[in-house]
Amino acid sequence: MAKTILVVDDSASIRQVVSIALKGAGYEVITANDGQDALKKLDGHKIHLIVTDVNMPVMDGIAFVREAKKLPDYKFTPFIMLTTESQPEKKAEGKEAGAKAWIVKPFQPPQLLDAVSRLISP
Amino acid sequence: MPVLILVGLCLLSLSSAMLLYLYLGSDSALAVLATAVAWGSGSLWSRYQAGVEQSAAQVTVAPWRELANPLCALHRNATEEMTSASNRCERIQHVLHEALQLLISSFNEINNATERQQGHAVDLARLLAGEKVLPTEDSAQHKPFPVEMAEILEYFISLIVDISEKSIHTVHKIDDMAAEIERINAFLADIKSIADQTNLLALNAAIEAARAGDAGRGFSVVAAEIRTLSNRSNEFNESIRKQVEMATVITRNAREVVGEMAAKDMSVALKAKSRVDEMLTEMHELHEYSAKVLKDISSISQHITDNVNRTLVSLQFEDIVRQIADEINEGAHKLIDMHGEVRDVLQEWEDKGGTNDAELQTHLLGELHRIRDGWGVSRSKVQQSSMETGSVDFF
Amino acid sequence: MADQGSIIYRLQDNEQTLCVEIHDSFCFDLLREFRQICERARYKRYIIDLRYTTYIDSSALGMLMVLHRFVDGDRQAVAIVNASDTVLDILRIAHFNQFFDISGLQKP
């Protein structure tokens with residue numbers, strides 16, 4: 001059974017690019033437009049890993065990680081932050097929220113896949 | 001008048017800073033913009049104050065009102081220009097977004113089609129290289145046709161050799177039996193000669209008995225009986241000889257039949273064998289060639305993967321450009337607001353008839369200070385200035 | 001089928017080796033003669049010289065196999081020498097190199 005990854009980004013192009021990269025490596029991909037949308041998608045899907053943007057309308061990535069971590073099913077789910085943000089303070093915020101990795105865009109698909117496979121096996 | 005020029009200059013520097021911002025889209029442009037605004041409002045105000053003091057001493061009322069009106073108009077122009085720039089900025093984002101959606105979906109299609117094509121090519125090459133069998137065939141039992149042919153041929157050749165060996169062995173036994181029968185014939189000849197001699201002896205005995213007259217009468221009966229026995233023995237011997245002859249004919253026939261089984265022309269087997277060998281060679285050549293193709297396909301596949309990855313990096317530009325454009329747009333809106341507020345102050349000034357009422361002046365001055373102080377330099381969240389890929393941190 | 005074959009034989013090595021030359025066709029006609037010559041005694045070594053053999057059929061293979069049994073399956077006891085390419089091909093496809101020491105064919 002392929003592992004399922006939730007991709008959260010307000011940019012349609014990023015959602016697609018990440019999906020292409022992950023599907024190419026054999027993962028199932030679900031997408032959400034922002035943190036709020038993502039929280040809705042968490043329900044009813046067995047999600048093994050989450051890749052999320054930081055700056056998004058409605059609910060940003062950091063807030064989303066905090067909210068998701070409160071859910072019993074997602075307490076131990078690994079989060080990868082995928083963002084244009086590279087400020088150390090922001091990274092520290094992400095780490096504190098419970099993210100496992102911080103990738104600065106633009107990303108190389110092998111970098112992302114490497115990070116994903118470090119956190120879950122395909 | 002000099003104040004007017006100054007305001008113009010200030011606006012000029014503002015718009016050039018905006019242009020710079022649009023071109024560079026970075027913090028440095030924002031800094032220039034902020035400096036321009038700060039410098040604009042600051043120096044404008046000091047000149048303005050100087051003017052107020054000057055005019056209080058010399059001229060009254062009229063020029064101030066005249067000044068407020070064009071200043072208002074200039075701010076309005078700036079607002080309009082900024083609004084239009086913001087609009088264009090949004091259009092860029094829109095066009096970019098649509099174009100990129102098309103680009104990504106086509107790329108995705110191409111990528112998927114290429115993957116399928118690669119898959120088929122690999123399957124085909126593996127099939128031809130003998131590394132894979134068709135899913136419809138029973139993979140456990142399947143062997144390539146030439147290999148199967150070779151095995152069947154091997155089986156038939158060994159069968160021929162085996163049949164020949166056993167046939168030859170049988171013929172040897174038949175020959176042994178013929179030799180035994182031959183010996184019976186020799187015995188029969190011996191028996192015949194004994195019977196013949198007995199017959200001769202009986203004949204002589206009969207002659208001697210006749211010569212003896214009545215005294216030999218009994219003996220002559222015995223002699224006749226012995227002759228009869230000898231004749232019967234010969235008849236019996238002849239019967240055996242005929243039977244043995246028949247047996248000899250039968251064994252000869254058997255020998256011929258078995259011999260036919262033993263003697264098979266091997267040239268058909270040889271031809272079949274050489275054809276099968278050719279097929280095996282062709283198969284191995286095909287396997288080798290296909291293995292080479294397979295290697296080539298995998299290097300092409302790596303090449304495709306590298307390029308897909310490069311493309312996926314490039315396709316992320318829209319996200320970065322969109323965010324930068326968002327920031328430009330925010331900057332434009334900030335400028336629009338600032339211009340609007342300054343214009344409101346000037347409007348109030350104009351409305352109040354450009355009086356040099358000290359209270360009003362203090363109020364307006366306060367307002368302008370408030371606007372100036374409220375201006376802060378925007379921090380750009382987007383640091384990227386190229387498509388160079390970013391870092392990965394693990395926590 | 002080629003001309004009827006014939007056999008010439010001689011004893012060598014102090015009558016320990018029997019050398020048999022088959023001329024023309026090595027076929028069923030030679031069966032009795034071949035047997036008489038080969039099974040006259042259990043020689044230490046047999047050399048089947050096929051330099052004058054133009055044709056063999058499966059009965060020749062049968063005869064050789066019977067000889068192989070006669071020497072109790074001793075591969076070293078029977079040598080087949082000077083076979084032509086065609087004859088060698090037949091011996092090869094019959095895998096005779098596992099039963100005989102054949103010049104021109106590798107031991108399997």
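Computed over heavy atoms, backbone and side chain alike; hydrogens, waters and symmetry mates excluded. Chain identifiers are assigned alphabetically (A, B, ...) following the order of the sequence lines, protein sequences preceding nucleic acid strands; residue numbering begins at 1 within each chain. Worth saying up front: this structure is predicted, and the values here are computed from it rather than measured.
One distance of note links CD1 of C/I93 with CE of B/M266; it measures 4.5 Å at 0.5 Å rounding.
Minimum interatomic distance between B/A263 and C/D57 (heavy atoms only, all atoms of both residues): CB-OD2, 3.3 Å.
For chain B, the nearby part of C/H95 is the side chain; its heavy atoms alone come within less than 4.5 Å. B/K273 touches chain C through its side chain: at least one heavy atom from C-beta onward sits under 4.5 Å away, while N, CA, C and O do not.
More than 12 heavy atoms of other shown residues, nucleotides or ligands fall within 6.0 angstrom of atom CD in C/Q98. Taking a 6.0 Å sphere around CE of B/M279, one finds it holds more than 12 heavy atoms contributed by other residues, nucleotides or ligands. Counted within 6.0 Å of CZ on B/R232, heavy atoms from surrounding residues, nucleotides or ligands total 12 or fewer; the atom is thus considered open. Surrounding CD of B/E109 are at most 12 heavy atoms belonging to other residues, nucleotides or ligands under 6.0 Å away.
Contacts with chain C (heavy atom to heavy atom, under 4.5 Å) involve these residues of residues 156-178 of chain B, listed by number: B/I157, B/I160, B/V161, B/S164, B/E165, B/I168, B/H169, B/V171, B/H172, B/D175, B/D176. Along residues 36-53 of chain C, the residues that come nearer than 4.5 angstrom to chain B, judged on non-hydrogen atoms, are C/E39 in order of number. Using a 4.5 Å cut-off between non-hydrogen atoms, the part of residues 69-89 of chain C that approaches chain B consists of C/R69, C/T86, C/D89. Proximity to chain C at a heavy-atom threshold of 4.5 Å picks out B/R255, B/G259, B/A262 from residues 248-262 of chain B, in numerical order.
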